[in-house]
Amino acid sequence: MSTYIVEGGRPLEGSVRVHGAKNSVLPILAACLLAPGECVIHNCPELSDVRASLDILRRLGCRAERQGEAVVVDASAPTGWEVPDALMREMRSSVIFLGAILGRMGQAQLCAPGGCELGPRPIDLHLAAIRALGGAVEEAEGGLRCSGRLRGADIVLSLPSVGATENAMLAAVSAHGDTTITNAAREPEIVDLQNFLNTLGADVRGAGSSVITVRGGAPLHGGEYTVMGDRIVAATYLAAAASAGGEVELTGVDWRHLSTVTAVLREAGCAVESRAASIRLGCRGPLRGVPPVRTAPYPGFPTDAQAPLMAVMARSSGCTVFVENIFESRYRHVDELTRMGADIRVEGRVAVVYGVPRLHGAKVQAADLRGGAALVVAALGAEGRTAVSGVRHIDRGYQSLEGDLSALGASIRRI
Ligand code: UD1
């Protein structure tokens with residue numbers, strides 16, 4: 001059980017390269033199962049969720065191993081179609097394997113992913129997509145059994161779910177015939193998945209827009225691919241620099257994926273410069289409250305950046321309203337920020353942050369991945385020492401939060 005000890009009040013200075021995107025690499029690892037050959041995935045972050053995905057691939061009879069910054073997956077001869085309960089529980093997004101297992105093996109068995117720290121996380125849209133493609137889905141005893149030969153279909157999502165869009169793409173690639181996914185999610189990670197699938201010989205078009213078409217049934221082969229940089233890790237580091245003050249440069253990430261986040265940070269008083277290959281943020285003085293921040297599907301403000309940004313706005317002049325439109329229970333960091341001296345009131349989906357001039361160190365607990373990162377962001381700008389427990393949540397999405405922040409001059413260590 002690790003804890004971070006952060007001594008606040010040290011400005012951040014320097015440059016950091018952002019690692020590969022967790023939310024890209026998880027569906028890409030699932031996609032490897034579709035290709036009867038070797039896939040080499042570069043810029044693959046070392047995260048507990050990635051390790052869980054590699055365990056799932058091995059359970060399914062694939063070779064899956066890390067080689068430095070890359071992972072190599074060989075799905076020439078998979079033998080299994082079942083994801084055991086323990087692995088489903090370890091990584092709730094393992095439902096992303098459903099479409100790929102069913103497409104490759106003709107059947108799939110998973111235990112239903114339970115509720116999670118962000119509130120109930122239903123998978124009805126994933127299952128509706130599988131059913132539309134001709135898969136039979138039986139739900140029994142907390143488990144799911146799917147089978148059937150898939151054929152192309154028109155899939156209309158009632159909301160642009162990221163995971164359901166990815167599952168539909170993965171299943172449609174191995175279905176016979178053409179599939180259209182309407183009201184698809186438009187996140188950059190979906191574009192990354194499309195690009196990877198096409199590297200394997202698939203014919204997927206339209207990712208990044210609301211309509212994705214898949215010409216299914218093309219013979220696939222292995223391939224080599226480099227995962228995009230993690231825009232949420234980048235948003236967290238920008239928030240860290242805004243909280244602690246100083247000047248940082250981030251490389252390895254596409255600034256266009258961060259434009260809603262950088263716009264808010266600029267409005268708060270940071271100087272942000274986006275270049276082709278880097279983003280620089282400078283913060284020299286106190287920050288001011290900003291107009292309401294409403295989370296929305298991409299290209300709106302990302303729900304995953306809501307907590308880190310709230311940690312920044314907690315120490316500002318004026319008031320900032322947050323409206324969380326994607327997940328129900330995404331304010332679990334608020335009570336912990338309050339322990340550090342923040343003044344935040346929550347009413348349903350709305351959080352009102354009354355900025356205070358200073359935060360102080362405290363003992364706080366991470367309850368989820370981004371909320372945990374937000375506590376570190378707040379601690380960097382707080383007076384004194386903060387102990388953030390529950391670091392295992394943070395390890396799901398940050399390869400080396402303490403390493404990167406220390407390189408920028410922060411005082412943070414893991415005990
Ligand atoms: C993905 C990201 C997560 C991010 C989220 C929103 C991964 C591994 N995770 O999660 O970091 O916060 O997108 O950008 O990529 N919903 C349903 N039925 C479904 C599926 C979803 O009602 O079948 C609802 C969810 O409860 C939620 C909303 O749709 O309220 C959005 O969820 P979704 O886009 O599916 O998020 P994930 O793919 O789980």
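The first residue in the sequence is number 1, and the count goes up from there. When a ligand or atom number is given, it counts from 1 through the structure's own listing order.
Atoms of ligand 1 found under 4.0 Å from any heavy atom of L159 (numbered from 1 in listed order, with element): 29 (O). If you number the atoms of ligand 1 from 1 as listed, the ones under 4.0 Å from a heavy atom of G163 come out as 35 (O), 38 (O). Close contacts between ligand 1 and R330 involve ligand atoms 12 (O) [criterion: under 4.0 Å to a heavy atom]. Taking a cut-off of under 4.0 Å to the non-hydrogen atoms of T303, the atoms of ligand 1 that pass are 6 (C), 12 (O), 14 (O). For ligand 1, the atoms lying closer than 4.0 Å to a non-hydrogen atom of V162 are 1 (C), 13 (O), 33 (P), 34 (O), 35 (O), 38 (O).
At a 3.5 angstrom cut-off on N or O pairs, I326 counts as close to ligand 1. Taking distance alone, with nitrogen or oxygen atoms compared against 3.5 Å, K22 stays at or beyond that limit from ligand 1. The N/O atoms of E166, backbone and side chain alike, include none that comes under 3.5 Å of an N/O atom in ligand 1.
Using a cut-off of 4.0 Å between Lys/Arg side-chain N and Asp/Glu carboxylate O, E247 and R280 are scored as salt-bridged. Residues E347 and R345 are not paired through a salt bridge, judged by the lack of any N-O separation under 4.0 Å between the basic side chain and the carboxylate. Ionic pairing of D395 and R51 is not present here: no N-O contact between side-chain nitrogen and carboxylate oxygen is shorter than 4.0 angstrom.
At a heavy-atom distance under 4.0 Å, atoms from both the backbone and the side chain of L125 approach ligand 1. The part of D304 lying near ligand 1 is the side chain, judged by heavy-atom distances below 4.0 Å.
Within a 6.0 Å sphere centred on CZ of R59, heavy atoms belonging to other residues, nucleotides or ligands number 12 at most.
For P122, the closest heavy-atom approach to ligand 1 falls below 4.0 Å.
Judged by distance alone, with hydrogens and angles left aside, the side-chain atoms of R66 form a donor-acceptor pair with the main-chain N or O of C44 at under 3.5 Å.
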Quiz prompt | Candidate pair R58 and D55, rule salt bridge (charged side-chain N to carboxylate O under 4.0 Å, His left out), full reasoning | solution = CA-CA 5 Å; R58 287 186 205 107; D55 280 345; 2.9 Å; yes
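A side-chain contact (heavy atoms from CB on, under 4.5 Å) with N325 holds for exactly one of R294, Q306, R330; it is R294.
Side chain to side chain, S24 and E189 fail the donor-acceptor criterion of an N or O pair below 3.5 Å.
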